[in-house]
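This report refers to the structure that appears directly beneath it.
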There are 2 protein chains.
Amino acid sequence: MAVDRDHVLRSAAALLARKSTATMDEVAKAAGISRATLHRQFSGRDALVRALESLCIAECEAALDAARLEEGSVQGALRRIVVEIEPVAGLLAFLYTESQLFEGEGQNEGWTKVDARIAALFRRGQENGELRIDLTPAWLTEALYGLVASAAWAVQEGRVAAREFPYMIVELLLGGALRREES
Amino acid sequence: MAVDRDHVLRSAAALLARKSTATMDEVAKAAGISRATLHRQFSGRDALVRALESLCIAECEAALDAARLEEGSVQGALRRIVVEIEPVAGLLAFLYTESQLFEGEGQNEGWTKVDARIAALFRRGQENGELRIDLTPAWLTEALYGLVASAAWAVQEGRVAAREFPYMIVELLLGGALRREES
DNA sequence: CCAGGGTGAGACATTGATGTATCAAATGCG
DNA sequence: CGCATTTGATACATCAATGTCTCACCCTGG
């Protein structure tokens, strides 16, 4: 029977989210298969990471779809994004740092599309007056990734409560830390 | 003549900020010394990273001192922190991810002190009414690190302008992305 | 000038992860 | 049941980074 490729990917994602330097051997064990079989599915660590990247991109796209970016306020859409993306936050954080070391290589095509969709949302917010215009969509996008990764790690190490995950990110990203009088 | 240890550390910091997987050989070359001499100064990569960590902690402490955290508004202090910390942002980002893979080990003592000072600043802001109280100081601290690291990478890859570095971080962290009527 | 410590260059062994190959056992299918 | 494919276990080769050592060289201080 063909090995459950999807199950292997998800096990690997879960493991690498916790321990980004895990060995192929550990990845195999985590998936409950032998290293040989793992290697038959993914010829090398690079292939595995690329597959994880594709998976993550697909899930992000799905999350963006589910968040219905064009619908309603940008604020609401952003809240939905973060909620939808929470399950892949760990994997996202792993890939976020992993991609730091692909120097010249140029990142996976798929990300540019995800980035573009998120940036477009921020741009829409700026155009309809919901968002301030002095922070560029590119930076807001980057900041969103950064906050998601930070939150994932902070939760992992117990520095913040897991249940607060979406709230913390969205509230900070949208509202900032300053106290406001009711607007 | 004894090798300039500080120069070696700073070269290494600059290199590793760009390429976190750089070899000891590359680090040595970057500092203009041989691998043998590098190894005489720092017996192994671990020792080098630990030394960089100490350096970074010291610089962060110095930045916090220079930012005069107790003086004036929390908002102002935070702006000063980010400005002061910008020169070490790259190194900070490197260590931030590097520390993700020290699983059990427990992080360097020094960080807890830096964390505590920053968290205390946020707490002061909550107590004097400047900051909202529904985002914990721990999360705000974490978010600050995350945003600094994100900004450092984004600048490095040219996705955002370097001159905007402090502005982007502080404005987002304090004010959030939402547009406001004058407060 | 000369002695000595530090340095650079290179050789060498080690280590850990990885890629590769083989073979017996298990599993599923006709 | 018997065959074919897949898997697990294992052994082996490779490879890169590292730790270690040696030795000639240079520079400086005495």
Side-chain angles (χ1 to χ4, degrees), chain A residues 1-55 90-91 93-95 97-105 108, chain B residues 1-55 90-91 93-95 97-105 108:
Chain A
M1 179 210 323
V3 137
D4 185 345
R5 182 188 152 103
D6 190 67
H7 167 250
V8 173
L9 275 179
R10 292 185 189 283
S11 307
L15 174 60
L16 290 171
R18 280 184 295 112
K19 184 180 176 185
S20 62
T21 59
T23 295
M24 291 296 274
D25 217 6
E26 298 174 288
V27 171
K29 274 187 178 51
I33 62 177
S34 73
R35 191 164 70 95
T37 303
L38 175 61
H39 193 269
R40 279 173 198 125
Q41 287 286 322
F42 306 98
S43 57
R45 190 190 182 77
D46 283 358
L48 176 63
V49 172
R50 271 196 298 272
L52 284 172
E53 210 170 8
S54 297
L55 172 66
L91 177 56
F94 163 68
L95 293 170
T97 60
E98 195 78 357
S99 74
Q100 296 308 129
L101 49 80
F102 292 165
E103 351 180 20
E105 290 308 312
N108 187 315
Chain B
M1 180 208 323
V3 137
D4 185 345
R5 181 187 153 103
D6 190 65
H7 168 251
V8 174
L9 274 178
R10 291 185 189 283
S11 307
L15 174 60
L16 290 171
R18 279 184 295 112
K19 185 182 177 184
S20 60
T21 58
T23 294
M24 291 296 274
D25 218 5
E26 299 174 288
V27 171
K29 274 189 178 51
I33 62 178
S34 72
R35 192 164 70 95
T37 303
L38 174 61
H39 194 270
R40 280 173 199 124
Q41 287 285 322
F42 306 98
S43 56
R45 190 190 182 77
D46 284 358
L48 175 63
V49 172
R50 271 197 298 272
L52 284 172
E53 209 171 9
S54 296
L55 172 66
L91 177 57
F94 163 68
L95 293 171
T97 60
E98 192 79 358
S99 74
Q100 297 308 129
L101 51 80
F102 292 166
E103 351 179 21
E105 289 308 312
N108 186 314

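Letters A, B, ... are given to chains in the order of the sequence lines, protein chains preceding strands, and every chain is numbered from 1.
- Atom-to-atom, CZ of B:R40 to P of D:dG19 comes out at 14 Å; the value is rounded to the nearest Å.
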Protein-nucleotides 13-20 of chain C N/O pairs closer than 3.5 Å?
unit_1	atom_1	unit_2	atom_2	d
C:dT18	OP1	A:R45	NH1	3.4
C:dT18	OP2	A:M24	N	2.9
C:dG19	N7	A:R35	NH1	3.3
C:dG19	O6	A:R35	NH2	3.1

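- Judged as a salt bridge (Lys or Arg N to Asp or Glu O under 4.0 Å), and not counting sequence neighbours, B:R40 has no contacts.
- For B:S34, the side chain to side chain donor-acceptor pair (under 3.5 Å) test picks out B:T37, with sequence neighbours left out.
- If you measure from atom CG of A:D4 to atom P of D:dT6, you get 16 Å, rounded to the nearest angstrom.
- Rounded to an integer number of Å, the gap from CG of B:L38 to C1' of C:dA9 is 15 Å.
- For B:D46, the salt bridge (Lys or Arg N to Asp or Glu O under 4.0 Å) criterion is met by no residue, not counting sequence neighbours.
- Checked against salt bridge (Lys or Arg N to Asp or Glu O under 4.0 Å), B:R18 has no partners two or more places apart in sequence or in another chain.
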Name every donor-acceptor pair, under 3.5 Å, that has one atom in a side chain of residues 6-15 of chain B and the other anywhere in the protein, sequence neighbours excluded.
unit_1	atom_1	unit_2	atom_2	d
B:D6	OD2	B:R10	NE	2.9
B:H7	NE2	B:S11	OG	3.4
B:R10	NH1	B:E59	OE2	3.3
B:R10	NH2	B:E59	OE2	3.0
B:S11	OG	B:H7	O	2.8

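- Within the structure, every side-chain polar atom (N or O) of A:S34 is placed at least 4.0 Å from both OP1 and OP2 of D:dA9.
- With a 4.5 Å cut-off on side-chain heavy atoms, A:F42 and A:R5 count as touching.
- Between B:R5 atom CZ and C:dT7 atom P the separation is 13 Å, expressed in whole Å.
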